[in-house]
Amino acid sequence: MSRLGTRRFQLTRPQPGVHASLRPARSLTPPCGALSVGFTRGISPPGATQATRLRPSAASGLSPYGSMDTSRHHPTSLTRGVFGQKAEHVDPAQMQLAFDAIVQMLAGTGAQPDAGATSSPDGRDGATPNGSSGGGDKERQAHPHGRQRLPEHLPVERIELLPPEAQDERATALVRIGEEVSETLEWRPASFVRLQIVRPKFAVKGEPEQGITIADVPDSPVPRSLAGPGLLAHVLVSKYADHLPLHRQEKMFERWGLHLSRSTLCGWVESCAGKLAIVVEAMAKDALNAHCIAIDATGVLVQAKDKCRRGHFWVLVADREHVLFRFTPHHNQDGPKEFLRGYKGYVQADASNVYEQLFRTEGVTEVGCWAHCRRKFFEAMNSDRDRATVAIGFIRKLYAIDKATKELPPGRRTEQRRMDAEPVLVAFRAWLETEDLLVLPRSPIAGAIGYALNQWTALTRFLEDGRLRLDNNRSELELRREAVGRKNWLFVGSKDGAEWNATSCRSSPPARCTASSPGPTCATC
């Protein structure tokens, strides 16, 4: 490689900024409450220009965070997104160091977050959005060590091993006084069964004019098909729960000695999806009576003649544990409006503009997602670690409060949430408005702060009702079914195939299904 080419990919690390001391200064009153917070940030008079207000430097002692570098943010974020872990872990010790300075400053103004109220029941302070404590002090469930007992529902096969002395004429001199049993877990390959349904014919003796009597043919999910309910359920579960495309199932069946073409399997999926659609539509009508519905979407490729088009799968999670999947060819505002037509209640979603018309609908109330807000600050860690760590510390306090009150009844939880979380939110809002005047406009930390301020009403909606959740993680977890499957089947064959996918993915057994094998009833649980 040439010298010029080597320089093209070289990244230089900038010199770290000099941190100045943090001391109280002038008062700043936020619009969200009677709270005065003072920081030494070099805030200019109202007549100063924006360029003047956004010019504090570490060398002049005007910013406690030092100089901010954005040159390495995008390469580091790309590297972490491709090769790094997806979990947003922050060292709790570093978070506490950055957060303590802000708490001590707020202590003089009466806006200090109540540390005692935000501590978790086990004495540890704070929690991450998934409910566990941050960093290396994750809660771990105790699992027994040693060899586990095999489930009792498994069929048992006995193999007796006799000693040589008990296998010949000497066995007559022996008396059996007991036995020792050891168990191992064995696998029996799946197999096809030729299920014969016999319908005997009967006639009345001496009266042939009465005709023949025979039992009716039993109903089948796919009329005039060789597939029974168990095989149909196995195909659906394998495709939508185990993420095995039909061409892989075709090869598996060939190894078991039976050729079932991919077109035949596709016809079975189409017929089953038509039957399951009746159940799914009934669930959709019942979901409109829910108190809160969480919604999210992910993209998918739809096969076309020239090149694949892009569609979107949507998931709706009602508070009654109804999980519904929908497909739309376009990611626009028409989809959510159609899915939730006639609904009145809370809708929890991210800040995408596709929900704007839905939230303008009378009777629909927007609920924000603190996990998305936290993710914005986590993505800004590479360019402005100090500010991002402080913001994550505030959000950590909110999750600690939510965890400490999750066992309370909804009414009591609403009161306790307001009592504990409002001081934290007031202090957080004051900090956001102060730092919004200091950060560079196009920096990642400015985007995170702007997101939090713009979505503040929706983010604080959880104070109204104890049944509302802080984040939209439940819909993202359910949508993972489609995301994992997409890595295997890559695209859907057509719009109709996407509709079958949305219907059957809801009807496939979830992870909590404990059936030993996917039978006919398991396919619709």
Side-chain angles (χ1 to χ4, degrees), residues 8-20 22 28 30-32 37 39-82 84 86 88 90 94-95 98 102 331 349-356 368-395 428-459:
R8 179 181 299 177
F9 297 96
Q10 183 177 2
L11 296 177
T12 59
R13 183 179 298 276
Q15 295 296 327
V18 181
H19 290 251
L22 190 66
L28 179 66
C32 59
V37 183
F39 299 98
T40 301
R41 296 290 189 274
I43 302 177
S44 303
T49 62
Q50 182 178 8
T52 305
R53 293 198 304 268
L54 297 177
R55 205 185 302 167
S57 63
S60 61
L62 298 179
S63 173
Y65 300 104
S67 60
M68 178 174 57
D69 170 55
T70 60
S71 61
R72 58 177 177 171
H73 169 71
H74 295 294
T76 307
S77 300
L78 178 61
T79 303
R80 187 184 69 243
V82 176
K86 300 300 186 292
E88 301 171 359
V90 180
Q94 295 294 330
M95 184 188 308
I102 304 300
H331 189 246
D350 55 24
S352 176
N353 56 6
V354 298
Y355 306 112
E356 290 183 0
C369 175
W370 279 103
H372 281 81
C373 181
R374 182 186 187 276
R375 188 171 302 145
K376 299 288 185 182
F377 287 103
F378 184 82
E379 293 172 353
M381 290 282 288
N382 297 325
S383 59
D384 199 333
R385 175 174 293 272
D386 293 336
R387 286 189 177 93
T389 304
V390 171
I392 293 175
F394 276 111
I395 300 175
F428 190 25
R429 177 68 181 267
W431 180 86
L432 290 171
E433 292 179 339
T434 302
E435 297 303 325
D436 188 41
L437 302 175
L438 306 174
V439 296
L440 297 178
R442 295 183 180 275
S443 61
I445 191 66
I449 293 175
Y451 179 94
L453 291 176
N454 294 335
Q455 298 297 315
W456 190 259
T457 301
L459 289 173

What are the two closest non-hydrogen atoms of [X] and [Y], and how far apart are they?
X: Ile449; Y: Leu432; answer: CG2-O, 3.6 Å
X: Trp431; Y: Ala391; answer: CZ3-CB, 3.9 Å
X: Arg429; Y: Trp456; answer: NH1-CD1, 3.0 Å
X: Ile395; Y: Arg374; answer: CD1-CA, 3.7 Å

CD1 (Ile445) and CG (Asp436) are apart, to the nearest 0.5 Å, by 10.5 Å
dist Asn353:CG -> Tyr355:OH (nearest 0.5 Å) comes out at 10.0 Å
Report yes if the side chains of Leu438 and Arg387 come closer than 4.5 Å at any heavy-atom pair, otherwise no. yes
Under 4.5 Å between any side-chain heavy atoms of Pro444 and Met381, yes or no?
no
So, Asn454 side chain and Gly450 main chain: donor-acceptor pair closer than 3.5 Å or not?
-> yes
request  = Starting from the C-alpha separation in whole Å, work towards a yes-or-no answer on side-chain contact (heavy atoms from CB on, under 4.5 Å) for His372 and Tyr451.
outcome  = CA-CA 9 Å; His372 281 81; Tyr451 179 94; 3.5 Å; yes
Hits for side chain to side chain contact (heavy atoms under 4.5 Å, CB included) against Leu459, two or more places apart or cross-chain, chain-then-number order -> Trp370, Cys373, Gln455
